[in-house]
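Naming convention: chains lettered A, B, ... in sequence-line order (proteins, then strands); numbering from 1 in each chain.
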Amino acid sequence: MTEAFQPNLDFTAVEEVDARDAFVVDLDGYEGPLHVLLALARTQKVDLLKLSITRLAEQYLAFVHEARRRNFSLAADYLVMASWLAYLKSRLLLPRTEKGKGDEPPAEEMAAALAFRLQKLEAMRKASDALMARPQLKRDVFTRGDPEATVIVPSDRIDASLYELMAAYVGQRRKDQARHYNPTQRVEAFALEEARDWLRDILPRLADWTPLERVAPVRDEGPGPSQASFTASTLSASLELVKEGAMDVRQEWAFEELWLKRRGQGPGLGQPLELTP
Amino acid sequence: MSIQFAPDEAEIERRVEALLFAAAGPLSAADIARRLPEGADVGRAIASLRVRYEGRGVELECVAERWRFRTAPDLSFMMTEEREEPRRLSKAALETLAIIAYHQPVTRAEIESVRGVSISKGTLDLLLEMGFVRLRGRRRTPGRPVTYATADRFLEHFGLASLYDLPGAAEMKAAGLLDLSLPTGFEVPDPSRAGADDEDPIEDGDAPEFAQDFVGD
Amino acid sequence: MSIQFAPDEAEIERRVEALLFAAAGPLSAADIARRLPEGADVGRAIASLRVRYEGRGVELECVAERWRFRTAPDLSFMMTEEREEPRRLSKAALETLAIIAYHQPVTRAEIESVRGVSISKGTLDLLLEMGFVRLRGRRRTPGRPVTYATADRFLEHFGLASLYDLPGAAEMKAAGLLDLSLPTGFEVPDPSRAGADDEDPIEDGDAPEFAQDFVGD
């Protein structure tokens with residue numbers, strides 16, 4: 001078993017590519033930045049603790065760059081890791097006399113810690129491989145297929161786990177809820193067609209930028225769609241009108257107020273909203 | 001992991017042994033031969049296994065021209081006389097236990113109202129007898145119903161230091177048992193905070209009533 | 001049909017053999033001893049059975065500190081009819097299982113910190129549901145997070161006598177790789193922990209928090 005935990009690994013996918021700076025940009029194969037770093041570290045073919053973090057940082061930054069070039073949408077954590085590595089790299093390159101700010105540990109320590117962390121992840125990788133390589137019940141080894149009719153049940157324990165207890169509880173509560181299920185009134189929505197008609201009626205009056213909430217119908221007392229539904233449907237309808245070229249919509253920032261204006265004359269506040277991510 | 005060379009007699013015997021052991025029922029010589037390399041002498045392997053197991057605790061037996069292992073007939077007394085009651089919790093028992101654990105102290109009527117069915121007499125008895133559940137007190141409501149709570153054995157069995165450690169909604173969520181489809185107002189009570197202010201302790205003289213509680217109907 | 005004379009060693013061995021063959025699951029030495037005359041040396045009988053079956057088609061194996069007969073691993077190629085298609089565990093699930101096995105008891109946050117990503121929904125559920133993993137207790141640290149550990153089923157499935165037999169565990173431990181605390185001053189950003197929405201905070205008032213979590217519209 002010891003052998004399985006020697007530092008030599010075969011990350012064939014990575015090694016086949018060989019080249020120093022080449023790597024497989026296949027995000028599906030990696031679960032997160034740490035997994036990518038581990039795969040990259042393998043290309044250096046040294047003990048993980050003797051890893052060149054500077055080079056690793058370069059490789060990772062190139063990986064992120066390549067991924068973005070190919071239009072992979074990268075999760076934020078990849079970018080956070082990239083900027084942290086860039087920072088660590090720059091600190092490693094600084095002369096040692098330059099002290100880090102405040103109580104920050106020396107860059108070498110941070111680098112060593114990263115190497116150690118990779119080593120830990122690596123150990124777990126190998127551990128899962130080693131486990132899977134063991135003979136498994138009902139795959140490689142089999143217990144008696146036809147135990148005696150008078151079965152001896154191991155009886156010094158009771159078969160019930162906390163998980164089963166929780167599952168039993170939730171199951172009961174669900175059934176209980178289902179028995180008392182009492183459907184609330186159907187939620188009424190402001191129909192999109194209605195919203196479109198409403199907007200077309202109001203359009204001539206939208207010569208100036210007007211906030212969405214002042215454009216949407218206001219809910220009155222009594223039954224009917226909620227205010228949220230009025231607002232949402234009006235927004236949907238307005239986007240259709242934008243598409244038709246009948247109006248413009250803009251927003252300064254995410255979650256800021258939405259402004260509506262009919263297209264054509266009138267003092268504009270700027271370019272229409274660009275609906276690109 | 002296929003074997004390239006022709007297996008020798010001893011190897012054939014090993015294989016027949018494994019096949020007979022793992023099979024779900026008795027196997028005929030033909031059944032066995034089909035799973036061995038061509039030309040393997042099944043009869044010989046069986047004969048030699050038979051000798052090997054003779055007088056052991058397990059023997060190779062032939063029924064209707066099929067072969068199977070079975071325990072030696074003279075040891076059958078061990079298989080029956082000392083057989084113990086299996087202690088697997090039935091579904092009903094597990095469910096009842098779960099409700100008592102989370103809602104304690106809880107009356108029988110309350111358990112039944114959550115489960116939507118009445119509890120069979122045996123279920124609570126079993127849990128009491130196993131030491132998972134105990135009588136805790138009497139609710140100060142008409143009829144003064146007995147309340148149930150978990151006992152120490154419950155904590156021991158489930159490896160809990162205290163009731164405070166019983167997994168709550170957050171863990172149920174983490175375990176994938178709860179999801180967003182839950183109706184409003186669903187909450188998991190915290191049994192470690194259950195007060196005793198609306199109940200009286202069980203007294204010695206309660207025994208007859210208790211019997212009534214269980215034996216009733 | 002009780003035995004009048006004290007059974008000798010060979011007879012004890014026979015009986016242990018029969019019990020283990022007949023059993024539906026692995027038996028502990030205590031399980032076996034309970035069915036034997038007082039004073040019977042179960043350990044010796046097991047050791048001698050183990051030698052007797054060594055290299056045979058069926059072998060005696062210790063899993064989760066219990067004993068069972070099973071077919072020899074090198075004959076797995078023959079057992080096509082008995083083989084059950086195992087549930088495929090994803091790479092993420094396997095890694096999570098390994099972390100739980102080698103670091104237990106371990107919290108969800110600790111698992112995530114080793115892997116550098118948050119545990120995707122479904123991973124822990126699957127392991128819990130398969131019975132490989134169990135909830136073990138709560139860490140006595142702020143937040144009192146739930147800890148996970150492996151269940152006996154895990155050891156039985158992978159044929160491990162105990163947790164000490166996990167492959168490479170001793171070496172990893174010696175190298176400090178199983179230590180959950182990171183070296184001082186270690187500050188790799190951990191984006192997976194940035195958002196709290198994947199965490200399951202555990203507070204006294206589980207219930208209200210839960211309501212917020214799930215019911216919020």
With respect to chain A, which residue among [options] yields the maximal number of heavy-atom pairs within a distance under 4.5 Å?
options	result
C:R136, C:E129, C:E61, C:E59	C:E129
C:M79, C:R115, C:R68, C:R134	C:R115
C:V133, C:L89, C:V63, C:L160	C:L160
C:L128, C:L135, C:L178, C:V114	C:L128

### Query
How close do A:V64 and A:A82 get, heavy atom to heavy atom, and via which atoms?
CG2-CB, 4.2 Å
### Message
side-chain contact (heavy atoms from CB on, under 4.5 Å), that's the test. Do C:T107 and C:Y148 meet it? Break it down for me.
### Response
CA-CA 6 Å; C:T107 67; C:Y148 296 90; 5.9 Å; no
### Message
Surrounding CZ of A:R68 (heavy atoms of other residues, nucleotides or ligands, distance under 6.0 Å), is the total greater than 12?
### Response
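No - once you tally the heavy atoms of other residues, nucleotides and ligands closer than 6.0 Å, there are 12 at most.
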### Query
What do the steps show when you test C:F158 against C:F132 for side-chain contact (heavy atoms from CB on, under 4.5 Å), and what is the final call?
CA-CA 10 Å; C:F158 291 100; C:F132 282 176; 4.2 Å; yes
### Message
Quick check for you: among A:G145, A:S83, A:G32, A:P135, which has the greatest number of heavy-atom pairs under 4.5 Å with chain C?
### Response
A:P135
#### Entry: Most contacts with chain C, counted as non-hydrogen pairs under 4.5 angstrom, among A:L162, A:L131, A:L85
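Looking at each option in turn, the highest pair count goes to A:L131.
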### Query
Do A:R55 and A:Q59 have side chains that get closer than 4.5 Å, going by heavy atoms?
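A side-chain contact under 4.5 Å exists here.
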### Query
Using non-hydrogen atoms only, which part of C:I32 is less than 4.5 Å away from chain A: side chain, backbone, both, or neither?
neither
#### Entry: C:A151 portion near chain A, given a 4.5 angstrom heavy-atom threshold
neither
### Task
State whether C:R50 and C:E54 are salt-bridged, where the test is any N-O pair (Lys NZ or Arg NE/NH1/NH2 against Asp/Glu carboxylate O) under 4.0 Å.
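C:E54 and C:R50: not salt-bridged.
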